[in-house]
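Structure first, then comments.
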2 protein chains.
Amino acid sequence: MTLLSRIQHTSQKLTAADRKVIEVLLGQQAEAVFLSAAQLAERAQVHETTATRLAQKLGFSGYPELRAQLQREVMEGQDAAARMRRSVSKVADGSYLADLVQSEISALEQLARSIDQRDVDTASDMIFAARRVFIFAQGHATAVSAFLQRRLDRFAMTTVMLTGRGRDIAERLTSLGQDDLVLVLAFRKQPTDYAAIMGHAAQVGARTLLISDLAGPTMTPPAEHLLAAPRGRSGTEFQTPIVPMTIVNAILLTIAGRHEPQIVTKLEELADLFDRFA
Amino acid sequence: MTLLSRIQHTSQKLTAADRKVIEVLLGQQAEAVFLSAAQLAERAQVHETTATRLAQKLGFSGYPELRAQLQREVMEGQDAAARMRRSVSKVADGSYLADLVQSEISALEQLARSIDQRDVDTASDMIFAARRVFIFAQGHATAVSAFLQRRLDRFAMTTVMLTGRGRDIAERLTSLGQDDLVLVLAFRKQPTDYAAIMGHAAQVGARTLLISDLAGPTMTPPAEHLLAAPRGRSGTEFQTPIVPMTIVNAILLTIAGRHEPQIVTKLEELADLFDRFA
DNA sequence: AGCATCATGCAGGATATCCTGCGAGTCAAC
DNA sequence: GTTGACTCGCAGGATATCCTGCATGATGCT
């Protein structure tokens with residue numbers, strides 16, 4: 001039973017003080033969900049007791065239950081995606097494709113909420129300004145890094161892949177200088193060589209950019225700039241590279257958009273090159 | 001100071017248990033704002049104490065302060081999300097990220113309409129039944145194929161990558177037999193070697209599967225089974241691998257789901273299962 | 001192996017939050 | 001004016017929530 005219907009159902013027995021409380025409760029829902037009985041009462045200019053008794057009048061065992069109900073309602077109201085997800089999984093059970101699409105969509109919605117365009121701008125500028133871009137990725141992240149590298153090459157940027165282990169990376173890192181950028185793609189947990197690479201970058205004055213998921217903020221040492229968003233299905237381990245892939249695409253689009261003149265001509269030159277080979 | 005920046009700033013001092021808590025905190029923000037220290041700790045599978053101490057490490061006087069900070073940020077974030085959703089129509093404000101997310105979402109919705117789960121089932125069975133899977137991909141499709149190969153390897157399947165040009169491919173194709181499957185990832189236009197590969201496969205009796213976009217139906221000779229969906233942003237030069245990537249993920253999920261003792265319907269349960277393979 | 005350092009869990013106390021018995025005040029009916 | 005019904009606030013107890021000292025165990029270094 002919804003809070004509103006409970007209120008209507010009990011409206012005859014409500015006092016003036018009760019109505020004051022309800023006014024705050026419904027009028028400031030977004031904040032009210034966090035308030036204790038005393039805080040709520042203070043906003044409504046009534047005594048704390050009134051809050052407790054109102055909750056009981058409305059059929060709850062006490063104030064905390066009332067608040068929990070309000071929390072549920074507010075969350076559902078705002079999470080339209082959740083509502084959709086429920087109905088879909090109910091209709092199309094056994095359809096992995098439909099389920100997957102649904103969860104990817106909500107992951108993308110979450111992405112838009114997690115990262116601001118300004119952060120993307122910063123990342124784009126860092127890449128565009130770099131003399132060379134060293135891309136570090138391991139495991140599943142290589143799928144994203146391969147894509148990124150191809151695109152940056154198209155933009156006529158110089159990229160260096162850091163894919164192997166220890167030694168291989170160290171060798172390729174020797175030339176790293178202060179005009180270069182180290183771009184790390186890492187998910188789930190901090191890669192073994194992460195600290196060493198970041199440490200070296202800091203030492204030679206290279207800039208650092210980390211694209212990650214929830215593990216991003218915990219990696220140490222921290223990168224100069226971080227783009228991180230949860231990769232779908234909070235709590236579960238099932239995660240696809242869709243979200244980081246989209247982050248990368250947003251960066252690429254931004255580079256293209258903000259530096260259109262240069263990029264476009266590079267692409268045209270490339271088209272000529274292709275023609276000559278074909 | 002934002003919670004995220006505090007986490008980054010303190011990342012050196014964070015323990016494994018701390019990270020678990022942070023994962024829940026950020027991954028399930030919407031719900032975490034309501035949880036008590038004990039409830040949060042339970043979700044993160046750590047002791048309540050950890051929550052308290054994490055809050056102090058991050059510079060709060062205690063857990064309640066941390067939660068209050070999270071509440072503030074979530075509330076602001078929701079305002080921001082609402083603002084963004086409202087201004088989605090006018091993309092001119094330079095928010096490439098928001099625009100991109102929006103178009104990816106509609107591309108995914110289109111995908112769910114274009115491909116039926118039964119087609120995914122067929123593809124999954126073909127892959128699972130194959131002795132070896134030969135994966136052919138070129139250009140941007142390699143990003144997807146690399147991902148697919150990694151996953152199939154985790155399923156303990158035998159994969160062979162066909163990536164190079166002409167000669168390289170021919171050499172690796174010599175062993176192709178009738179128990180094998182040729183899986184082609186190709187977008188935009190038919191790759192140069194496509195016809196040769198498909199021809200050879202037909203000759204030796206190998207099965208063929210094509211994952212593609214709008215160009216798929218026009219490729220000749222046709223593959224035995226085709227999974228194709230438009231990749232959004234029709235007409236634009238910039239196309240992302242999100243849709244084919246999601247097709248591949250659906251296939252992988254289906255394989256995992258159909259060949260596991262227990263029949264699982266929920267994606268949550270599948271996630272665990274999938275993780276066991278991954 | 002031995003030691004130091006640190007992370008983690010436990011137990012108990014401190015605090016915040018909530019509930020309830022009691023009484024003062026208000027109002028209307030008689 | 002008295003009574004009764006009701007609202008509201010207070011105070012104290014009950015409970016939930018949180019914090020901290022201590023012990024244990026893990027880890028790493030010498």
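Throughout, a chain's letter reflects where its sequence line sits, starting with A, and its residues are numbered from 1.
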| request: Please name all residues satisfying salt bridge (Lys or Arg N to Asp or Glu O under 4.0 Å) with A:Glu224, sequence neighbours left out, ordered by chain then number. | output: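 Counting only residues at least two positions away or on another chain, A:Glu224 forms a salt bridge (Lys or Arg N to Asp or Glu O under 4.0 Å) with A:Arg207.
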Walk me through whether B:Thr15 and B:Asp18 qualify under side-chain hydrogen bond (donor to acceptor under 3.5 Å, both in side chains).
CA-CA 5 Å; B:Thr15 73; B:Asp18 288 336; 3.3 Å; yes
Near A:Gln39 CD, under 6.0 Å, is it more than 12 heavy atoms from other residues, nucleotides or ligands?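 Yes, the 6.0 Å shell around CD holds more than 12 heavy atoms from other groups.
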Item to check | Results of side chain to side chain donor-acceptor pair (under 3.5 Å) for A:Thr174 - residues two or more places apart only | outcome: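 A:Thr174 satisfies side chain to side chain donor-acceptor pair (under 3.5 Å) with no residue once adjacent residues are dropped.
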Applying side chain to side chain donor-acceptor pair (under 3.5 Å), name anything that partners A:Asp180, two or more places apart in sequence or on another chain.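 Result, side chain to side chain donor-acceptor pair (under 3.5 Å) vs A:Asp180: A:Arg132.
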Given atom [atom1] of [X] and atom [atom2] of [N], what is their separation to the nearest angstrom?
X	N	atom1	atom2	value
A:Asp18	D:dC8	CG	C1'	10 Å
B:Glu65	D:dC19	CD	C1'	13 Å
B:Lys20	C:dA7	NZ	C1'	12 Å
B:Arg19	C:dA7	CZ	C1'	13 Å

Is any side-chain nitrogen or oxygen of [X] closer than 4.0 Å to OP1 or OP2 of [N]?
X	N	result
A:Thr52	C:dC19	yes
A:Arg53	D:dG9	no
B:Arg67	D:dC18	yes
A:Thr49	C:dC19	no
B:Thr15	C:dT8	yes

Check: With the threshold set at 4.0 Å, does a side-chain nitrogen-carboxylate oxygen contact exist between A:Asp213 and A:Arg188?
Finding: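 No salt bridge links A:Asp213 with A:Arg188.
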Using distance alone, with no hydrogens and no angle criterion, decide if [X] and [Y] have a side-chain donor and acceptor under 3.5 Å apart.
X	Y	result
B:Glu104	B:Thr240	yes
A:Arg53	A:Gln56	no
A:Glu65	A:Gln69	no

Using a cut-off of under 3.5 Å, enumerate the N/O to N/O pairs linking the protein to nucleotides 26-28 of chain C.
none

*Looking at A:Phe60, is A:Arg67 sitting on its ring face, NZ or CZ under 6.0 Å from the six-membered ring centre and within 45 degrees of the normal?*
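No - A:Arg67 does not lie over the ring of A:Phe60 by the 6.0 Å and 45° rule.
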**Asked** What are the residues of residues 54-62 of chain B, sorted by number, that bring a heavy atom to within less than 4.0 Å of DNA chain C?
**Response**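 Of all residues in residues 54-62 of chain B, none places a heavy atom under 4.0 Å from DNA chain C.
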### Query
Quick one, which residues of residues 35-48 of chain B touch DNA chain D with a heavy atom under 4.0 Å?
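Within this stretch, B:Ser36, B:Ala37, B:Ala38, B:Glu48 sit under 4.0 Å of the strand.
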Ring centers of A:Phe136, A:Tyr194 separated by less than 6.0 Å
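When the ring centroids of A:Phe136 and A:Tyr194 are compared, they turn out to be at least 6.0 Å apart.
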